[in-house]
Colleague: 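Dropping the structure in here first, questions after.
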Amino acid sequence: MARASSDAAVAERLTAPVSAPAAHLVLPIRGMTCATCAKRVEAALAALPGVRASVNLVGEQAEISFDPARTAPGAFAPAIENAGYDVPRETRELAISGMTCATCAGRVEQALNGVPGVGHAAVNLASEKAFVEAPPGVVSAAALIAAIEGAGYGARLVTGEADRDRAIVEEERQRFRRETWRMLAAMGLSAPLLSPMLSVPLSPWLALLLASVVQLGFGARCYRAAWKALRAGTGNMDLLVALGTSAAYAYSLYGVLVHAIIGAPATLYFEAAAVVIALVMLGKWLEARAKRSTTAAIRALMALRPERARVEQEGREVEVPLAAVAVGDIVVVRPGERLPVDGVVRAGASDVDESLLTGESLPVSKRSGDKVTGGAINGSGLLRIETTAVGKHSTLARIIALVEHAQMAKAPVQRLVDRVAALFVPVVLAIALAAFLVWWLAAGDFGGGVIAAVSVMVIACPCALGLATPAALMVGTGAAARAGILIRDADALERAHAVDLVALDKTGTLTEGRPAMTDIVPHGIAAPDLLRRVAAA
């Protein structure tokens with residue numbers, strides 16, 4: 001009797017009208033095995049306020065109508081998982097702009113993790129990328145971008161392979177060129193300010209002019225980033241640079257004005273402020289140069305993918321962009337060309353060089369019915385291939401994604417660095433304030449206090465603290481990829497230093513990807529004559 005009442009209550013809740021459902025969502029579900037499972041998921045979703053759900057066992061998905069004012073989309077996945085089933089996650093990649101230190105990366109990561117429905121978000125300062133995991137359809141790109149912009153940074157969604165290729169190449173090229181000019185200009189303007197150290201006098205007004213251009217021109221990026229950090233209630237590297245150089249610049253400006261008005265001698269520290277900003281520019285240039293080299297492995301892998309494919313349409317061959325090829329299309333590959341797609345050979349025979357996957361230097365014979373991989377090089381035969389995977393589902397795209405995700409992953413040591421960096425700025429500001437007060441109150445030297453505080457702030461910039469670890473991971477995974485070694489995650493790379501022995505079974509292939517002659521053993525003929533005859537043949 002109680003069971004009947006319970007079933008009736010559930011049925012009533014499932015069929016009862018929901019007040020003003022204004023949104024619709026289809027959510028994939030894994031782990032259901034029978035109709036009872038589907039009912040359990042329906043009941044779990046219906047228990048949420050303003051939600052009506054219908055679960056399709058065969059399609060393994062739930063159609064959900066809900067009132068956004070009463071229940072956020074992020075509540076659906078936890079409810080299903082609490083009922084004992086899984087909701088697959090999709091990963092979105094975003095390019096972030098405006099980050100300057102580990103504190104910035106942590107703030108972006110916190111903003112993304114605060115978006116309802118986001119399962120996990122990871123931000124890499126060195127690559128300026130963010131990967132966000134969420135159930136399909138639950139979190140919109142607009143919500144992610146709005147969260148990042150609300151934290152004071154810029155963002156755009158990387159939507160596809162062509163977008164990603166252009167973004168990587170073009171952004172690196174423009175950033176490197178921009179940082180090169182900024183670095184050279186800042187150093188050129190700062191160099192004359194060092195002349196008094198070489199006993200070469202410099203006019204205070206000329207020093208003021210040069211320092212003002214560097215401080216207010218090239219240092220403007222530090223002021224903007226520092227203001228964004230303060231507005232968000234945190235501190236970052238730019239805040240330390242802005243405070244330190246501004247104090248040195250303001251103190252020197254005061255000295256110039258006093259000297260001009262009453263003729264009193266003044267100690268100027270324009271060179272300290274200008275040189276620090278110039279060194280920051282040099283650091284940005286080195287950072288852009290490092291990023292340019294660390295993505296070389298990804299660019300090399302992308303170069304293996306042809307941009308166009310030859311597709312059979314109505315009995316004739318039509319050359320189309322690779323993005324226009326669909327699963328099931330017949331692609332024609334001529335001798336010597338790279339295979340544009342993964343597929344199955346439907347006609348023709350050839351030898352295919354698959355060293356990009358196996359490292360095996362000898363070509364592999366392919367006949368009708370054999371599987372082939374995009375990026376491999378066709379030999380002397382003409383092949384007609386039925387496409388089985390394109391875009392991000394192809395083997396080469398998955399390899400590229402594997403390298404990118406390995407570069408994005410955070411090793412345990414980096415998570416420790418992130419926690420330290422989050423506390424670094426307030427601790428440094430406290431030490432700088434203490435140094436100023438000791439010099440001023442205890443020693444009675446206001447100028448000395450200013451210089452002591454400035455020294456603490458400009459020396460303690462945490463750029464290397466937040467950038468060294470992710471940059472090292474990117475360099476390591478990039479160098480390994482160029483050597484044909486693919487690293488799944490940062491944990492494996494960090495533990496690799498403890499590896500003393502690597503054991504390979506009889507099918508393991510370790511080659512350079514091309515054959516080489518190691519020995520010549522002639523019989524009845526001199527070695528040079530043998531080489532000449534072989535070359536002629």
Side-chain angles (χ1 to χ4, degrees), residues 100-101 103-104 186-187 189-197 202 204-262 264-284 421 423-465:
T100 57
C101 65
T103 307
C104 300
M187 287 195 159
L189 292 170
S190 302
L193 296 173
L194 300 175
S195 59
M197 297 182 180
L202 183 68
W205 294 105
L206 178 58
L208 173 61
L209 176 63
L210 294 175
S212 298
V213 175
V214 176
Q215 182 75 34
L216 305 178
F218 296 102
R221 64 191 295 174
C222 296
Y223 287 114
R224 287 193 296 267
W227 169 245
K228 290 178 180 178
L230 287 174
R231 197 171 57 183
T234 62
N236 61 1
M237 176 207 75
D238 295 288
L239 180 60
L240 296 180
V241 173
L243 287 175
T245 58
S246 296
Y249 176 81
Y251 184 77
S252 301
L253 176 61
Y254 171 77
V256 170
L257 296 177
V258 169
H259 175 72
I261 294 173
I262 63 175
T267 303
L268 306 181
Y269 296 98
F270 284 127
E271 78 283 352
V275 169
V276 165
I277 292 178
L279 290 177
V280 170
M281 295 294 103
L282 175 62
K284 293 295 181 183
L423 302 173
F424 194 80
V425 173
V427 170
V428 168
L429 291 177
I431 295 174
L433 178 61
F436 169 73
L437 293 176
V438 168
W439 277 84
W440 183 29
L441 300 179
D445 187 354
F446 179 82
V450 171
I451 298 306
V454 168
S455 301
V456 171
M457 286 187 286
V458 298
I459 290 173
C461 294
C463 314
L465 183 69

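These numbers come from the heavy atoms of this one structure, side chains and all, not from hydrogens, waters or symmetry mates.
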Colleague: Any heavy-atom pair between the side chains of Pro204 and Phe270 that's under 4.5 Å?
Modeller: no

Colleague: Locate the shortest heavy-atom distance separating Ser212 from Tyr249; write the atom from each residue and the value.
Modeller: OG-OH, 2.7 Å

Colleague: To the nearest 0.5 Å, tell me how far Ser195 OG sits from Glu271 CD.
Modeller: 9.5 Å

Colleague: At their closest point, which heavy atom of Val214 faces which heavy atom of Ala186, and how far apart are they?
Modeller: CG2-O, 4.3 Å

Colleague: Sequence neighbours excluded and cut-off under 3.5 Å, please list the side-chain donor-acceptor pairs for residues 445-453, or say none.
Modeller:
residue, atom, partner, partner atom, Å
Asp445, OD1, Gly447, N, 3.3
Asp445, OD1, Gly448, N, 2.9

Colleague: How long is the span from the OH atom in Tyr223 to the CG atom in Leu243, to the nearest 0.5 Å?
Modeller: 9.0 Å

Colleague: Quick one: pull up OG in Ser246 and CD1 in Ile277 and give me the separation to the nearest 0.5 Å.
Modeller: 7.5 Å

Colleague: To the closest 0.5 Å, what do you measure between CG (Leu279) and OG (Ser190)?
Modeller: 8.0 Å

Colleague: How long is the straight-line distance from CG of Leu257 back to CG of Leu208, given to the nearest 0.5 Å?
Modeller: 7.5 Å

Colleague: Show the nearest heavy-atom pair for residues Ala248 and Ala273, with the distance to one decimal.
Modeller: CB-CB, 4.1 Å

Colleague: Looking at Ser252 and Leu268, would you say the former's side chain and the latter's main chain have a donor-acceptor pair under 3.5 Å?
Modeller: no

Colleague: Given side chains that start at C-beta, do those of Val275 and Leu193 come closer than 4.5 Å, heavy atoms only?
Modeller: no

Colleague: If you round to the nearest 0.5 Å, how far is CE of Met281 from SG of Cys222?
Modeller: 5.5 Å

